[in-house]
Amino acid sequence: KNINNTFGHIAGDRMLRTVADRLMSCLRTSDTVAHYAGDTFKILLAEISKEEHAAKVAQILLKNIEEPLIFEGQELFVTASIGISLYPADGEDAATLMKHADLALHRVKDKGRNNYQFFTPAMNERALHRQKLENNLRKTMRDQGFELFFQPQFDSRTHDLVGAEALIRCQDPERGLVSPGEYILLAEGEYILLAEETDLILPLGEWVLRNACGHIMSWKNLKPGLSRGAVNLSPRQFRQRNLLEMIEGILLETGLPPEMLEIEITESAIMENVDLTVDVLRALRKKGISVALDDFGTGHSSLSNLKRFPVDTLKIDRSFVAELATDRGNRAIVAAMTGMAHDLNLKVVAEGVETTEQEEILVDMGCDILQGFLLGRPMPAEQFASFAARQVG
Ligand code: C2E
Ligand code: CA
Ligand code: CA
């Protein structure tokens with residue numbers, strides 16, 4: 001794909017032919033090579049007596065394909081990923097063998113490409129598990145089994161309720177409402193990841209925005225000072241072409257003033273495609289929507305990114321907050337982040353505040369807004385409304 005895009009289709013075709021020639025030169029006449037689709041080839045090794053022979057062939061193929069191709073004086077490089085299944089252990093018919101080789105191939109790609117891998121039955125279980133989750137996700141979407149919870153955020157000095165973060169909850173057939181962190185044997189946020197891989201995130205993300213904006217609008221006269229609701233956006237949504245129009249449309253529909261909406265995006269999500277994301281963030285802020293940088297400190301980027309990214313708020317990741325009281329090094333890091341953010345005119349939110357000790361340290365450091373189980377857990381929208389109404393001040 002890269003070669004096609006950069007050097008044109010003639011170079012792409014030449015590359016495919018060269019790869020085909022190289023594949024054939026490594027094989028015996030009793031073997032079969034087929035160009036299957038796009039950049040995929042299938043190879044049938046006949047008369048293999050040992051697994052190691054297939055591995056050996058795979059190594060030779062990888063090495064040969066790596067050799068650069070000269071095109072119009074330029075050196076072009078490609079690498080290959082190879083999945084292997086064995087007859088009859090991994091399948092007794094062509095369809096099963098190809099399916100299993102494909103699963104092994106995906107595994108290679110997940111692990112960083114330019115390698116080979118034999119199929120294992122565990123891959124099948126993984127694939128089945130994912131399939132089950134995906135079906136679950138689609139079914140939940142169809143049955144409108146998602147719900148938004150809201151977690152309150154407080155001004156660290158006045159203790160006033162100033163906003164809330166919308167967090168999705170999913171109806172699980174066996175366990176009732178679960179958070180992304182709890183969803184069936186998956187790591188935190190992983191159903192969001194699954195939704196991303198399957199593109200379900202686009203309709204799901206739109207639903208979250210529409211629903212959240214509706215609720216935030218309903219707080220308008222609920223409590224003075226409760227002025228903003230935050231919504232998490234996933235990186236995939238920033239690659240959606242009509243994201244801005246979609247958000248604008250939802251604001252119009254719900255009547256929510258843009259100033260009452262905050263978008264949360266992680267540092268690593270921005271890093272996936274800095275130019276595009278920064279453009280979208282600028283456009284959002286131009287409309288009056290504010291932007292928070294989520295999970296700050298967990299990515300691989302540096303404090304200097306803060307200057308580059310058009311954001312209003314910095315959310316210090318809860319892993320830093322968790323160790324505030326026990327780890328002095330950590331305290332120094334949080335203090336540095338807070339100071340730097342303030343120098344750049346950003347507000348600082350600490351998330352995951354669980355103890356009064358952490359709270360005190362954060363207040364001392366001048367952290368602006370606090371969020372965490374100590375002050376309020378994520379709760380259903382109606383409960384949040386009565387929670388807000390009960391707040392004094
Ligand atoms: P996040 O954006 O960092 O959300 C904060 C997570 O920390 C939430 O987990 C929240 O329940 C949890 N939390 C809040 N206070 C505390 C505390 O004091 N202690 C501890 N231990 N945890 C606390 P949750 O709801 O499981 O969400 C996990 C992740 O899933 C979120 O992390 C976010 O990345 C993603 N997510 C949740 N809702 C949405 C959504 O609507 N859209 C998108 N794209 N992602 C979402
Ligand atoms: Ca968040
Ligand atoms: Ca976070």
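Please read all numbers here as calculations on a predicted model, not as lab measurements. Atoms within a ligand are numbered from 1 in the order they appear, just like the ligands themselves. Reckoned from all heavy atoms, side chains included, excluding hydrogens, waters and symmetry mates.
Considering only heavy atoms from C-beta on, I216 stays 4.5 Å or farther from T254 through its side chain. No side-chain heavy atom of D295 sits under 4.5 Å from any side-chain heavy atom of I316. Considering only heavy atoms from C-beta on, Q153 stays 4.5 Å or farther from L370 through its side chain.
At a heavy-atom cutoff of 4.0 Å, ligand 1 is contacted by no atom of Q371, backbone or side chain. When non-hydrogen atoms are compared, ligand 1 lies under 4.0 Å from neither the backbone nor the side chain of L148. Contacts of D294 with ligand 1, taken as heavy-atom pairs under 4.0 Å, involve the side chain alone. Only the side chain of R318 comes within 4.0 Å of ligand 1, counting heavy atoms alone; its backbone N, CA, C and O stay farther away. Under 4.0 Å from ligand 1, heavy atoms of N232 appear from its side chain as well as its backbone. Counting heavy atoms closer than 4.0 Å to ligand 1, residue P378 contributes side-chain atoms (C-beta onward) but none from N, CA, C or O.
An N or O contact shorter than 3.5 Å links F373 to ligand 1 by distance. The distance criterion of under 3.5 Å between nitrogen or oxygen atoms is not met by Q237 with respect to ligand 1. Here's the thing with I168: one of its N/O atoms is less than 3.5 angstrom from an N/O atom of ligand 1.
H215 and S218 get closest at one heavy-atom pair: O-OG, 2.5 Å. Residues T298 and S319 come closest through the heavy atom pair CG2-OG, 4.2 Å. Residue G366 comes nearest to H342 through the heavy atom pair O-CE1, 3.0 Å, listed as atom of the first residue, atom of the second, then distance.
Not a single heavy atom of R377 sits less than 4.0 Å from an atom of ligand 1.
Between the OE2 atom of E165 and the OD1 atom of N232, the angle centred on the Ca ion (ligand 2) amounts to 90° when rounded to 10°.
If you count the protein N, O or S atoms nearer to the Ca ion (ligand 3) than 3.0 Å, you get 4.
A salt bridge links D31 with R28: the closest approach of a Lys/Arg side-chain nitrogen to an acidic carboxylate oxygen falls below 4.0 angstrom. A salt bridge links E206 with R210: the distance from a Lys NZ or Arg NE/NH1/NH2 to an Asp or Glu carboxylate oxygen falls below 4.0 Å. A salt bridge links D312 with R285; the closest basic N to acidic carboxylate O contact falls under 4.0 Å.
Near V208, meaning under 4.0 Å from one of its heavy atoms, ligand 1 places the atoms 41 (O). Taking every heavy atom of S234 and a limit of under 4.0 angstrom, the matching atoms of ligand 1 come to 44 (N). Which parts of ligand 1 touch D295 is read off a 4.0 Å heavy-atom cut-off, strictly below it: atoms 3 (O). Taking every heavy atom of E165 and a limit of under 4.0 angstrom, the matching atoms of ligand 1 come to 2 (O), 4 (O). Applying the 4.0 Å criterion to heavy atoms of Q151 picks out, from ligand 1, the atoms 14 (C), 15 (N).
Between the side chains of E165 and N232, at least one donor N or O lies within less than 3.5 Å of an accepting N or O.
Geometric assessment of K315 against the ring of F296 yields a negative cation-pi assignment under the 6.0 Å and 45° thresholds.
Contacts of D143 classified as salt bridge (Lys or Arg N to Asp or Glu O under 4.0 Å), with partners at least two apart in sequence or in another chain: K139.
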- Item | Residues H159, F154; criterion ring pair (Phe, Tyr, Trp, His ring centres under 6.0 Å); working and verdict | CA-CA 6 Å; H159 304 292; F154 297 87; 8.3 Å; no
